[in-house]
Amino acid sequence: MITTHLSPTLKPPPPPLSLHPHLPLLRRHHHHPRRPISVSAAAPSDLLASVESVASAASVLAAIVLVHESGHFLAATSRGIHVSQFSVGFGPALARFRLGPVEYALRAIPLGGFVGFPDDDPDSGFPPDDPDLLRNRPVPDRLLVVSAGVAANLLFAFLIVYAQALTVGVPVQAQLPGVLVPEVIPGSAAARAGLLPGDVILSVPGLAPDPSVPLLVDLIKASPNKDVSVTVSRTGPGPGDRRSIDLTVVPDTSVDGTGRIGVQLSPYFRVTRVHPNNLAEATVLAFREFTALSATVLDGLRQTFLNFSQTAEKVSGPVAIIAVGAEVARSSAEGLFQFAAVINLNLAAINLLPLPALDGGTLALILLEAARGGQKIPREIEQRIMSSGILVVLMVGMFLIVRDTLNLDFIKDIL
């Protein structure tokens, strides 16, 4: 998830109002085992490939931020609202220029950006009652400007998926019998029983002939210290060769008394790519993929809030987002399409949450003003609400950046 907010920037003199994405966040829906990286032994070609993949992921993230801020910017200028700044990135400016009343800047850290409005800038030259200041515009205009970033990301996500359909095709999953075991924790009950990553659990006595992940999880939780017989399919020595093996797993007992075996389970499916024959088919495929990705993102957010204690560790900051994107770029350039689309959708969804420092929080305040018959919320109260949200976002952002940096493989090797 990437968060943005509508707030005053935090530097003297009293700053202009800004639409500003502070903290990229992403909920990881799947775990991919990380490959160890040896910094000292890395070949120059491997190092170059790593740099290129990181640059690709960072470029995707910067482009998404650019699209979000462009949405705010274009909505404001199209309505004749005064804009003073448009910046991509954080930190010191690498390049800047002024075009008319707007200063454009490219900054050193490509993980955010902002559109600045001169509403609270005493040096702007605009009188406080100027009708073209954002805060003085009617409610519909302000709703348009604040929501335009989310709309831009939704549109961009669809265009990415549409481009994917026209170029590399849309991935389609074909469900296969069984439950896949992508990962086995060393020393766990599953490892002691002989389960290996890549095994497919085909059958379990007492379950339906074709077990599902929820049923299998329920059985394991209900069977601490009891024998659970499973039949698995395992890759053989030859290409395409698989053989069936019968194993007995004895789940360990968790602190809550339920059973656990120390594996990751997922549905077993085969992915194929469908290529459209014409633009009409491409549109249909893109819409279906866009809908499916949106449902996945929304479900991920729902799971995060409903089971925060279990899912908090899966929330990642900008460092981990780029690390995941770099891994995607290294494995398959085609995967960057979905990486970019999912980040766009995460940004749109999280920003609609009615929380301070998010676009959704600002929308909620504007709607509250409309419900009060156009009576504005006192400026001091609004700024306090937004400032508290900014502080929380900054604290969470710093925590995630430090945590995700320490979890990088080459940092672990150094430490």
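Just so we're clear, the structure is a prediction, and the values are computed from it rather than from any experiment.
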Between [Y] and [X], is there a side-chain heavy-atom distance shorter than 4.5 Å?
{"X": "Leu94", "Y": "Arg107", "result": "no"}
{"X": "Tyr162", "Y": "Leu279", "result": "yes"}
{"X": "Leu353", "Y": "Ile350", "result": "yes"}
{"X": "Pro197", "Y": "Glu183", "result": "no"}
{"X": "Val200", "Y": "Val179", "result": "no"}
{"X": "Ile160", "Y": "Gln164", "result": "no"}
{"X": "Val102", "Y": "Gln85", "result": "no"}
{"X": "Thr167", "Y": "Phe337", "result": "yes"}

Of the non-hydrogen atoms in [X] and [Y], which two are nearest, and what is the gap between them?
{"X": "Ala157", "Y": "Ala341", "value": "CB-O, 4.0 Å"}
{"X": "Ala165", "Y": "Val170", "value": "CB-CG2, 3.5 Å"}
{"X": "Pro171", "Y": "Arg273", "value": "CD-NH1, 3.6 Å"}
{"X": "Pro128", "Y": "Asn136", "value": "O-ND2, 2.9 Å"}
{"X": "Val263", "Y": "Ala190", "value": "CG1-CB, 3.2 Å"}
{"X": "Arg137", "Y": "Pro131", "value": "CD-O, 2.7 Å"}

ask   = Should we count CZ of Arg270 as having more than 12 external heavy atoms under 6.0 Å?
value =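 No, not enclosed.
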query = More than 12 heavy atoms of other residues, nucleotides or ligands under 6.0 Å from CZ of Arg288: is that the case?
reply =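 Incorrect, the count does not exceed 12.
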query = Relative to each other, are the rings of Phe86 and Phe73 parallel, tilted or perpendicular (30° and 60° limits)?
reply =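 Plane angle over 60°, so perpendicular.
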query = Hey, what's the ring geometry for His72 with His68, parallel, tilted or perpendicular (30° and 60° as the breaks)?
reply =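 Rings of His72 and His68: perpendicular, over 60°.
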Backbone N or O of [Y] within a donor-acceptor pair of the [X] side chain at under 3.5 Å?
{"X": "Arg142", "Y": "Val145", "value": "no"}
{"X": "Ser254", "Y": "Asp256", "value": "no"}
{"X": "Glu281", "Y": "Asn277", "value": "yes"}
{"X": "Thr77", "Y": "Leu74", "value": "yes"}

query = With a 4.0 Å cut-off, would you call Asp299 and Arg302 a salt bridge?
reply =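 Salt bridge: yes.
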[atom1]-[atom2] distance between [X] and [Y], expressed to the nearest 0.5 angstrom:
{"X": "Asp132", "Y": "Asp141", "atom1": "CG", "atom2": "CG", "result": "9.5 Å"}
{"X": "Leu166", "Y": "His275", "atom1": "CG", "atom2": "NE2", "result": "11.5 Å"}
{"X": "Gln338", "Y": "Leu293", "atom1": "CD", "atom2": "CG", "result": "5.0 Å"}
{"X": "Ile201", "Y": "Ser233", "atom1": "CD1", "atom2": "OG", "result": "11.5 Å"}
{"X": "Leu196", "Y": "Arg234", "atom1": "CG", "atom2": "CZ", "result": "4.0 Å"}
{"X": "Lys376", "Y": "Leu365", "atom1": "NZ", "atom2": "CG", "result": "11.5 Å"}

inquiry  = The criterion is salt bridge (Lys or Arg N to Asp or Glu O under 4.0 Å); which residues satisfy it with Arg96, sequence neighbours excluded?
reply    =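 Expected list: Glu103.
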query = Listed by chain and number, what are the salt bridge (Lys or Arg N to Asp or Glu O under 4.0 Å) partners of Asp252, not counting sequence neighbours?
reply =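 Asp252: salt bridge (Lys or Arg N to Asp or Glu O under 4.0 Å) contacts with Arg192.
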query = Does the separation of the ring centres of His82 and Phe117 fall below 6.0 angstrom?
reply =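 No; Phe117 has its ring centre 6.0 Å or more from that of His82.
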request  = Return each pair, listed once, that meets salt bridge (charged side-chain N to carboxylate O under 4.0 Å, His left out) where at least one residue sits in residues 144-160; pairs must be two or more places apart or across chains.
outcome  =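 Output for this query is empty, none listed.
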task = Decide side-chain contact (heavy atoms from CB on, under 4.5 Å) for Leu352 and Asp359; before the verdict, give the C-alpha distance in whole Å, the side-chain angles of both, and the deciding distance to 0.1 Å.
result = CA-CA 6 Å; Leu352 286 177; Asp359 289 349; over 6 Å; no
inquiry  = If you apply the rule side-chain contact (heavy atoms from CB on, under 4.5 Å), what do you find for Asn344 with Leu154, and how did you get there?
reply    = CA-CA 7 Å; Asn344 267 287; Leu154 291 175; over 6 Å; no
inquiry  = Checking Arg79 against Leu144 for the side-chain contact (heavy atoms from CB on, under 4.5 Å) test, could you report, in this order, the C-alpha distance in whole Å, the side-chain angles of both residues, the deciding distance, and whether it holds?
reply    = CA-CA 9 Å; Arg79 302 299 299 169; Leu144 173 66; 3.8 Å; yes
task = Check the pair Leu216, Val213 against side-chain contact (heavy atoms from CB on, under 4.5 Å), reporting the backbone distance first and the verdict last.
result = CA-CA 5 Å; Leu216 192 53; Val213 173; 5.8 Å; no
inquiry  = Tell me which one of Leu202, Val204, Val181 satisfies side chain to side chain contact (heavy atoms under 4.5 Å, CB included) with Val230.
reply    =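 Testing Val230 for a side chain to side chain contact (heavy atoms under 4.5 Å, CB included) against Leu202, Val204, Val181 leaves exactly one candidate, Val204.
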